[in-house]
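Data first, discussion second: the structure below is written as structure tokens.
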Amino acid sequence: MVLTAIEEYDQLGRDAFLERYGYREARDYFILHNGRQYDSKAIAGVAHRGIGGRPLHASEFSGGAATVGKVLGHLGFLLTSRQDAPPAEAFLEKIRNLDTAVSNGRPKRHQPLTLLWALGRAAHRAERLIPWNATRAEISALIREFGLEGDRPTPEYPVLKLTHFGLWTLPDHPEPPRPSGSPPLGWMSRNQPISGLREWVYDLLTEDQAVRSQATACLLSTYFQDVDQNALLIRVGLGDINDEPLPPPDDARTPERRPTTAMRIVRDSALSLLIKTLHDHTCQICGVRLLLPNGPYAEGAHIRPLGGPHDGHDVAGNLLCLCPNDHVLFDQGAITIKDDLTVINRLTGEPRGTLRTVPGHDIDPQHLAYHRSLY
């Protein structure tokens, strides 16, 4: 019914469609469908003719997130409160604003783990909707392995939370329970719903590697600072996010020696691949993007070195995407970076500019301060 109304909207044009059915232009909520925007209240009101035999007049119901937004969202349509917001921006805004429960002052990881699991499935174009027993088993295992200490493996709550948040869908159940108390556990057990990402989210994540990388980096930096992020990426199927071959899981954290002018350790972990993908293999210091016969090349550079005596952590906030030249200069202290991200040439004392940044990759100033203290 909604798609039929959208088709008529396209045929008539916006002004004629709104005039025919007596609606004003939307100011707050719009449907995004196939790259185009539609007045959500008008579309919903006209689609109602398939239920009541006639379109609803604008005065017969209210628009907004609690009414039109809720109905259209459960049907899998993407709604935005901004007329010019593309799907990628709407999705990343939701990722940055997850409403997670808190345990001992720390945000729980149930929703982030559920999303990372779904991101990995989308990256490999796995089936979008799967039975509940499979979903429950896989997310439960992730919570046991990477959740906070003492967390119960209850994927019912994050799945329902993400459903009401507009990122997940239970297509056969348009009115699932709220994710609180014990009723959701029994409801999910009785109904055994198929579920997965909403169609527009899945399509976005399968096609747009940059959005997938930004969402992954945001979740890692927000919820998993004290976790082995490489192990988590590999575990959810995001270890090869840059379509580059990874070593077997047992060797994923083992530096590899490769011959260059001299022998030096080149670390090419899953997390390094993620950071390089976020920056499109462009050096954060000089802006150079090296293109080799087999594709672009950059290196993941740790700010605070790993291992003793430095004890740096292999996390996104401790990594830079650099060209080989600036990687060597940075590692040897010829370049330092101030807290305001000004890049300093220590040989001349002159600034080289400002470190290039991208959304989703936040540099931890504590690591920058440690690097400066070395020199």
Side-chain angles (χ1 to χ4, degrees), residues 209-210 212-214 216-217 220-221 228-231 233-234 238-248 251-307 310-338 341-347 352-365 367-368 370-372 374-375:
Q209 185 185 55
R212 200 167 63 233
S213 298
Q214 288 181 50
T216 301
L220 289 179
S221 62
D228 185 336
Q229 294 182 353
N230 278 305
L233 288 174
I234 293 169
L238 291 169
D240 55 350
I241 196 167
N242 195 39
D243 297 326
E244 297 183 26
L246 283 176
D251 299 327
R253 290 179 288 170
T254 303
E256 177 185 351
R257 293 189 179 273
R258 300 176 182 173
T260 58
T261 304
M263 290 295 292
R264 67 187 184 88
I265 294 175
V266 178
R267 185 181 181 88
D268 209 18
S269 66
L271 187 61
S272 174
L273 293 177
L274 170 65
I275 296 303
K276 292 189 292 183
T277 301
L278 275 174
H279 290 274
D280 195 24
H281 292 74
T282 301
C283 179
Q284 290 183 256
I285 290 178
C286 69
V288 166
R289 184 175 188 267
L290 297 176
L291 192 60
L292 305 181
N294 61 342
Y297 178 80
E299 295 180 359
H302 288 91
I303 303 170
R304 179 170 182 161
L306 303 183
H310 308 289
D311 299 324
H313 298 297
D314 200 13
V315 295
N318 190 35
L319 270 170
L320 298 174
C321 175
L322 300 180
C323 67
N325 283 351
D326 283 327
H327 190 176
V328 172
L329 292 172
F330 184 76
D331 280 356
Q332 298 300 317
I335 292 174
T336 57
I337 303 172
K338 299 170 66 175
L341 302 187
T342 300
V343 180
I344 301 296
N345 182 336
R346 288 190 61 249
L347 302 182
R352 283 189 51 178
T354 303
L355 190 75
R356 299 164 182 263
T357 59
V358 296
H361 181 207
D362 298 321
I363 306 300
D364 190 331
H367 299 314
L368 294 177
Y370 183 87
H371 180 268
R372 293 194 302 270
L374 295 177
Y375 305 103

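Positions are given from 1 along the sequence.
- Here the shortest heavy-atom pairing between Gly360 and Ala217 reads O-CB, 3.1 Å.
- Residues Asp314 and Asp228 have side chains not in contact (no heavy-atom distance under 4.5 Å, counting atoms from C-beta outward).
- Judged as a side-chain contact (heavy atoms from CB on, under 4.5 Å), and not counting sequence neighbours, the contacts of Val315 are Gln225, Gln229, His313, Asn318, His367.
- For Arg346, the side-chain contact (heavy atoms from CB on, under 4.5 Å) test picks out Thr336, Tyr375, with sequence neighbours left out.
- In this structure the side chain of Leu319 reaches within 4.5 angstrom of the side chain of His302, judged on heavy atoms.
- For the atom pair Thr357 OG1 and Leu341 CG, the distance stands at 7.0 Å (nearest 0.5 Å).
- Ring orientation note: the planes of His371 and Phe330 are close to parallel, at an angle under 30° on the 30°/60° scale.
- Closest approach of Thr277 and Ser213 over heavy atoms only: CG2-OG, 3.2 Å.
- Here Arg289 contributes atom CZ and Cys323 contributes atom SG; the two are 13.5 Å apart, rounded to the nearest 0.5 Å.
- For Thr342, the side-chain contact (heavy atoms from CB on, under 4.5 Å) partners at least two apart in sequence or on another chain are Lys338, Asp340, Ile344, Pro351.
- Atoms NE2 and CD1, on His310 and Ile303 in that order, are 14.0 Å from each other to the nearest 0.5 Å.
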>> Between Leu220 and Leu274, does the side-chain contact (heavy atoms from CB on, under 4.5 Å) criterion hold? Intermediate values first, please.
In response: CA-CA 11 Å; Leu220 289 179; Leu274 170 65; 3.7 Å; yes
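- The closest side-chain heavy-atom distance from His281 to Leu292 is not below 4.5 Å.
- Between atom NZ of residue Lys276 and atom CG of residue Leu278 there is a gap of 12.0 Å, rounded to the nearest 0.5 Å.
- Closest approach of Leu374 and Pro305 over heavy atoms only: CD1-CD, 4.3 Å.
- Looking at every heavy atom in both residues, Leu306 comes nearest to Gly312 through CD2-O, 3.3 Å.
- Looking at heavy atoms from C-beta onward, Gln284 lies in side-chain contact with His279 at the 4.5 angstrom threshold.
- With rounding to the nearest 0.5 angstrom, the CG atom of Asp326 is 4.0 Å from the SG atom of Cys283.
- Donor-acceptor pairing under 3.5 Å is recorded for the side chains of Ser269 and Asn230.
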| Audit row: Val328, Leu322, side-chain contact (heavy atoms from CB on, under 4.5 Å) steps and yes/no | CA-CA 9 Å; Val328 172; Leu322 300 180; over 6 Å; no
Test side-chain contact (heavy atoms from CB on, under 4.5 Å) applied to Ile337 and Ile363, step by step: CA-CA 11 Å; Ile337 303 172; Ile363 306 300; over 6 Å; no
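- Here the CG-CG distance, from Leu290 to Asn325, works out to 8.0 Å after rounding to the nearest 0.5 Å.
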